[in-house]
Each structure stands twice: as structure tokens, then as C-alpha cells.
Amino acid sequence: MSTSREWVGRRLGTVPGGGEDGDGAFQVVGKAMPRVDAVSKVTGATVYADDLSFPGTLHCVLLRSPLPHARIRCIDVQEAAGLPDVVAVLTGAAMPTRFGVSPSSEEEQALAADKVRYVGEPVAAVAARDEATAREACKMIQVDYELLEPVTSIDQALEVPMDEPIHAASKDGNVHRLASLEFGDVDEGFAASDHVREDVFFYEGSNHLAMEEHSATAIFSDGQLTVWSSTQSPHSVHRALSSVLGLPMRRVRVVATPHGGGFGGKVDPCSHEIVVAKLAMITGRPVKCTLTREEVFYNHRGRHPVLMWVRTGVTQDGRIRAMHFRTALDGGAHASLGAATTYYTGALQPATYDLPAYRFEGCRVFTNKAPCGPKRGHGTPQPRFALELHLDKLAEDLGMDPVELRRRNYVRPNSRTVNGLRITSCAIEKVTDEVLAASGFSRRERRDGHGQGFAVSAYLCGAGTPMYLNRMPHSEVSLKVDRGGVTVFCGATDIGQGSDTVLATLVAEELGLERGDVRLVTGDTGLTPVDLGSYSSRVTFMAGNAAIEAARKMRATLVAAAAEHSGSRPAEMTVAGGKIGPLSFEQAVAAAEERYGTLGSVGSYAPPPSISASKYRGSAVGPSPAFSYSAAVVDLDADRVSGEVRVNKVWIAHDIGRALNPVLVRGQVEGGVYMGLGEALMEAQAYRNGLLHHPSVLEYKTPLSSDMPEIEQLLVEQPDPEGPYGAKEVGQGPLLPVVPAVVSAIHDALGVWVDEVPVTPEKILRALDAHAKGSDPRTGPRSFPEIPYPPCEKVALPDAASATL
Amino acid sequence: MLRLRVNGETYETLTESNETLLEILRERLGLTGTKHGCELGECGACTVLLDGTPVLACLVLPDQIDDAEVTTVEGLADGSVLHPLQEAFMALGASQCGYCTAGMLLSAKALLDEQPDPTREEIRAALAGNVCRCTGYASIVDAVALAAKAPKGAR
């Protein structure tokens, strides 16, 4: 198809951060180009999970609990099973093995057998010739429930359970996880401070609302199970299927289909993925299940609601001496990645600010609500929101410029944090400079109803530790090259962020080819070597480095063969423009096949051990091979009468390392800003008595095209020494500073604090009302609950040798 | 028997009276380029053109489409030559996960057919019924504005 109309081509140069020519040193890296699958996407040719159909497919519908908390006395499926065209009915008794996304969270059943823990939990499944019949049969299933008192808030979860804990095996009532860590001497730090301040904040939960509803199809034939699913982590689904179905992993293949959006909502293995597999094994026919939008809200795994308390001691000149941070997470009914989420609410504060002493206490509780899990930023947007606003308030106390206060405490490049994290490349100063210069923040117009807010943040380039303990690579690539072409095999999953494009770009660059010359097989556990999945902004860094390693080995082989064939020295060979030295790429491949036989190369990536210098409970959370930094300024108008907020413009500077493709980078930056604005101003997965308020796209409010302000992105390109061509992450970081910057701007505009998001007009008016009455001019939580944190684990500071890298 | 024209081709198919155009397109005609994100008329993913007007295919029933002309994303390109909107979406990265893309393209086509030189405000308003979670809409609005500048013969 035609893809290079001149009138479009000329415009590519206008993409921020790159021109058509990119960096002259590279052939494809750094150039603004369409994604490699762009034609399929704009012509409707991309086959997503629900677009797949196989002959004889049965349709599966899940029966879900109408109650938030109840014991299942018995389930009668007889009538449903007898309905014509119903082929199989399944209950939890058939799949007793519990599973979860990580070994510490293996407490879910594919279908609840003993009790239900939230409205929407799957309890039975029907496979029928068509969806309508399956739905009809579900209505005929009789479930005899014994009601239990639902637990619907953090406070309630901390009390002694009325009936029984949500998870009966729990020793701590409804407390799922407690964390209690101290780095350095916090009491001494507070004693040495000139000023100490405490604040309490709340961040509401939210759903990913990926446009594509989850969908999976399974086929069992010849003793092999294959599941096609819109998953972000085919490897996790592979492990869960093997475990629950009792099949060795070598008998299970999971194919991640082209993906209609994830944002963290498709990381966990899900009930429907296991159910369709089991039904395919029982019936011998293909079985498909596609969730409705309402079901996606119940499946959830979204942003945790988090209540936070923070206390910080500073000297008169604004240097932080000690920080104490407490979080309480409302986890919903299951573990998901919640243990990691809990630690993430405390892990990255020291990766942004140089804290000489830091105490973190975290607590996650179970409640009878849809399970929370990882959403873009995983456990860090909430504490980022609290921390940045807390620093604004501290600056106000000290009469100091809020940016200056932050600058005095910024982490430095090539340093070691108090909690043992290795910081290498770090453009925190530069992103601050860029966003301030572009926005004119310090010269902003001061008038009632208009404000600007500033915030800064840090994020991972991939979790440094895998989701289950092992010492294998995090990402693996194999490369097949022969006279028929070049094929990259990698388990990485393109969820729309463009990881396929990144892999094609890196391999093409190394082999002197165009991206379109590189065939990709990705996200298929039967064909591709392992990659852990698309989460924690890990794919570019980890799969990218693995791909480069494999491609460089192949390049060396081809260069050696071409040199021998042409009688020149390998060092003289250039690899570019479809040529290897004097030979065409095809001739070089033929020479290498003649010389060496079958050609293949592999590459893998695991983070270096030096990324973490301390060992403590939870030390697996936080370390990363690199950190990206983002800074934002938000400009808005806030109406004193109506409480309405209109965001005028967002400036966002991001420490990208190197933009491998500015088109993709722009999409991630603007998408992150958009999602941050949504969480700041409207998105909320809210409940009444255990019942979700609004499980629909219409009522779950998100910003539309008509709501979006102008976004000006400023890419800071300081290549990371270990990143692929110096690249760092961009998928999650740019969301983080937006939320606090919005709330800070509202304070700038109206002089009141709204210490909880989403900020609504009603909350602004309440704060204004309090201000008018002479009381504390804020809306937000008043107190933090008593939580039975265990005594702090005192963690030795990293030794001096590792403190400076 | 329902008779309708989709992307210039005539189809005759049996339907249930409560079957939606979305289901007919995807399940009876095998045209899966049109997506669903809610099936309740809330997300815009299934937007198609019905006699040139954008409609939500999940809310359209058979008796509204007898003998109608339907345009879906599969009908936007002219053979192997892409529509300027498709070119612009590709060039500017306006399609990321791609799930809202079909609906966005058709809402945008309806706008450009009606108003060949829209302001950015008009573009934002025309796309306000199509939810996208990836892009933040900026590249989509840019792409529609860019497509509007294409030589007239190109669309």
C-alpha cells in the first residue's frame, strides 16, 4: 500500500524531538517513522482477540456473583446443563488449584468454589453454541449463598472481622500485607530538623478502561493446549494455565494477540483465560470468551485507592533531614500484584529526593471490592501526588520557592539512594530547567482563578526483579537469518506502545536493513523465547538490549563470512543500506550459510546485580537498571463560583535517554499526560455498599477530545549508558507529575488545597467554604488510621564504596 | 432477508430483528475492522457511516439499514491507495493500540466530507464521542487537521 505521500512525509519533520533524518549517526534509530504495523491498524486488518474465529467455536459466558461477600453453600447447574445447545457447564470444583500473578499471590480460583469476595467474581461458566444461549443458561444456574458482612473500607478492614476474614486462612484479619522499613536514623533526622510538617492525602482508585475488552480463545488438540488472549504477559498466563490445569508447560502455548490497550489491566492471568482452556479440554472444541465492558470493571486490577500520611523534617535552608511515609492501600478482594504495589508506594521517594533518613510503613488490606492491581505507574502515582503537594506546603511554611526547595534535595546522577537503589543517568535538573523555561512558571500571571503548578517525578525502566524468584534472563531473543529473510523471535508483547516497532528498529539498525525487512514473531510462548511481559516499562530496555545482543552476534557472523568471501578484513566492512561490505545482504547471508550452515543467534537481558545494594524485605521492589525523570507544569483556570476547572496547557519534560522513534515517544508522553489529567480531575472506581457505582464507559468519566488542553512535550536526550542506544522508558513516567501539578495549580489559582483526587467542583467549593468560614482551607482526609505496623526493619545504609558510583 | 451495501458491495443476509449492525458486520459479513468497546453506544469504537452519516453500529437495528449504504474502515482506502486520513494517522502516530482507530477515522471522514477545512475546535467536537485511551487525542486531532490539507483529489 502507498505509505509515503509527499504531503504527509513533509510533515514528519514537525514531530517534536526528531526530524525525518533523526540523528545522522544512525540509519533508522531516532527517526520519526510510522509504527511497523501502522497500515494494518488504519485499515482495520489487525486481528485482535475477539476478531479471531475458528470453525465450531463454542461461546463461553461467566456467571458472576451478585453479592460482595458470601459463602457458596451449593451450585445447581442441572437445569442450565439441560438447555438445548449448551455443551458444558463448569464450576470451581473442577479447578481447585489456586493461582495468581506471582507465587505470593496464589489465592485465586478460576471460578470461586468456597465463597465469593466481590460483586462480579466468577462462580460458574457455560459453553454453548452461541453467546445468547450461554447467557440464558447462566440465568438458570442456582447458587445458594450464605450472606456474610461485607468489608468495604480501609477502616472497616482494620477492625476485627464481623463474620470471618475475606480470606479465611489469613492470620491478620483482613490485613493482606504490612511493610515496615527504616533506612538511616529517622528520629535523629527529625531531632536535627528546624521544621517538621505532617500531611494526609487520599488518591482514589481507577480503572484502566482499555478500549478492547478482554478476550480469549482456547483450542485443545493432539494433547496440546493453545490459548490466544489479549494479555500483556503471555508468560504469566502460560504459568497459570499449566498450574491450574495440571499440564506441563511444554503442552501449553499462549499467544498474545494484537492488543487493544492494557495499561496494566491485562498483566494478571484472568479467570476467563483459564475457564476457556478447561472448557476446550472438556468439549474438544474451540471455546471463546469475550468480557463485556461491565465485566472488565469487575475484573479490574486497577489503581489502588491509597490513604497516605507523610512527615518530613527540614533545615531552615530547605534540606530534608528525615522523611516518614505511611500508606494504606485498599486492595479489593484479591492479592494480584498488591504485595509489590504496597512496596512501590514507598520505594521511589528516595529515587527523586536525596533522603538521608527514611522510614516507610505500608499496609494493604482486603476489602469486598473488585481486585486492585497494577495500573500505569504501579503504586507510585499515589505517593507521588502526596509527596509533591507535601513539598509545596513545606516550601510555603519556609517561605521558599517550591522549585528551589526541590532542587536542594534532588538526587544526583551516579549515586546510591538510602534504600540501596542505583541511580545512573539522571536528567532531573534538566527536565526541571526545560519545563520552567517553556512554561514561564516563575513569571506566571498572578490573578484570582488562574494558576500554575509544578511537579517532578521518577520512574523505573523495568522492574529489576522478576515476578517469581529465578535467575534466568528477563527477556530473550532469537534471530533466524537465511536466504529467506530475517526473523526476530521474542516473547515481548506489543500492547500498542510499539514494542514490535522498537525490536524491528534495533535489529534493522544493527544489520543495516530497513525496518520492513525484519519479520517479527512476538508474544507467543510456543514459538518465542521468554519475555516476562509488558509491565513496569521494561520492554524497550530489556527486550531491546536482548535484541541488540542477538543482532550484533549475527552481524559479526555475516561480516566474517562476507570478509572471507571478498578477501577483505572484517574491520573494513561497513554494514549499512542493505549491504555488508561489498556484498549485498543476500550475498553475505548466502556466503555465511555456505561457510557455517544454519544461521541463528540469541541474546538475552538480565539487570546487573549492582542495581540494588541492600537486602531487606521488599528490596526486590524499586531497583531498576535505569530511572527516567519527568517534570510538568500545568496551567489552568478554576472558577471560584462553580468550582469548575479548565486546564489550559500542560508542559511536560521527559528524560527519555534517546528517543528511538519520536512518533512513538510522543504518543506515550501525551497519553501519559492525558491519563494523569483523568485521574486528577474525574476518574474514580467508586463503590456504594460493595456495589460499583458506574461500571460503564458513559458514567466512568474520562477526558474526551473536547476536554484536552494543549500539551507541549520537551524531550531531554541524554543517552543512558546501559539503555538500548541510550533509550529509557516513556510509557509510565510522564503520567506521574501531572496529577500533583494539577492540584498545585488549583491552589495557586484559589488559595485552597484539595488533598485528594479526583478533584471535583464539589471538593473545591467545600475547601473555599472552609476558607470563607476561617477554618482550614482544604478538602481531604483528616486523619490516618491506627495500623498495627510491625517494628521497623532497620536497614544498613549502602556502604561508602557503593554510595558513589 | 436483509439487503445492504457495505463499502460498495451488496450483501444479502438473514438476521434476527434485534441483531445490531455491529453484529451483522462482524459476525455475519466477517468485517471485523469495526470494533466494540461497550455495545451500549457509549465509547464510539463501532462508529460507521450510514448513508454518509456517522452512527454507532451497536445501536442500529436491521430495519434501519435495509438498502442502506454503509462505510466501514475496510472501505476507506481506494484499492491499495490509502485515504489521506489513514496516511495522516500513520504518519503522526494517531493509532497506537489501534482499537479506537476505525471509529475515529469514520467520525473524522464524516467531518471532512461536511467541512473540508475544519478548525481544531470543530475537530475536537466532531471526535468527542470517540473514546481513546492511548493518545491523549493530540496526535489524532493533528492527523485530522493534516488530512484536511491533503490535495482535494486525494479524498
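What you are looking at is a predicted structure, and each value in this text was computed from that prediction instead of being measured. The chains referred to below are lettered A, B, ... by the order of the sequence lines, with proteins before strands, and numbering in each begins at 1.
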Please set out all donor-acceptor pairs under 3.5 angstrom arising from side-chain atoms of residues 58-66 of chain B, sequence neighbours excluded.
| unit_1 | atom_1 | unit_2 | atom_2 | d |
| --- | --- | --- | --- | --- |
| B:Gln64 | OE1 | B:Leu61 | N | 2.7 |
| B:Asp66 | OD1 | B:Arg3 | N | 3.3 |

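Note that OG of A:Ser705 is 7.5 Å distant from CZ of B:Arg124, once rounded to the nearest 0.5 Å.
Within the 4.5 Å cutoff, side-chain heavy atoms of B:Gln96 are placed close to those of A:Gln668. Side-chain contact between A:Arg666 and B:Ser139: present, with at least one pair of heavy atoms (C-beta onward) separated by less than 4.5 Å. Side chains of A:Val39 and B:Gln86 form no contact here, defined as non-hydrogen atoms less than 4.5 Å apart.
With a 4.5 Å cut-off on non-hydrogen atoms, A:Asp707 does not touch chain B at all. Contact of A:Ser53 with chain B is not made at all, since no heavy-atom distance falls under 4.5 Å. Proximity to chain B is limited to the backbone of A:Thr46, based on heavy atoms less than 4.5 angstrom apart. Within the 4.5 angstrom heavy-atom criterion, no atom of A:Glu294 approaches chain B. B:Tyr99 touches chain A through backbone and side chain together, each having a heavy atom under 4.5 Å away. Within the 4.5 angstrom heavy-atom criterion, atoms from both the backbone and the side chain of A:Met708 approach chain B. Interface remark: B:Ala102 contributes no atoms to any contact with chain A (heavy atom separation under 4.5 Å).
Interface remark: of the candidates A:Val47, A:Ile711, A:Leu209, A:Leu209 forms the most heavy-atom pairs closer than 4.5 Å to chain B. Comparing A:Val673, A:Thr702, A:Ile495, A:Asp50 by heavy-atom pairs within less than 4.5 Å of chain B, the highest count is held by A:Asp50. Note on A:Glu710, A:Glu699, A:Glu683: by heavy-atom pairs under 4.5 Å with chain B, the leading option is A:Glu683. Between chain A and the options B:Gly136, B:Gly98, B:Cys97, the largest number of non-hydrogen pairs under 4.5 Å is found for B:Cys97. Between chain B and the options A:Thr292, A:Leu704, A:Asp51, A:Leu698, heavy-atom pairs under 4.5 Å are most frequent for A:Asp51. By number of non-hydrogen pairs under 4.5 angstrom with chain B, the leading residue of A:Ala210, A:Ala45, A:Gly672, A:Pro703 is A:Pro703.
Close approach to chain A, defined as a heavy atom under 4.5 Å from one of its heavy atoms, is seen in B:Leu127, B:Ala128, B:Val131, B:Cys132, B:Arg133, B:Cys134 of residues 126-134 of chain B, taken by number. At a heavy-atom separation below 4.5 angstrom, chain A is approached by B:Thr32, B:Gly33, B:Lys35, B:His36, B:Gly37, B:Cys38 within residues 27-39 of chain B. For a heavy-atom cut-off of 4.5 Å, chain A lies close to no residue in residues 12-23 of chain B.
When every heavy atom of A:Val42 is checked against every heavy atom of B:Thr101, the shortest pair comes out as CA-CG2, 4.2 Å.
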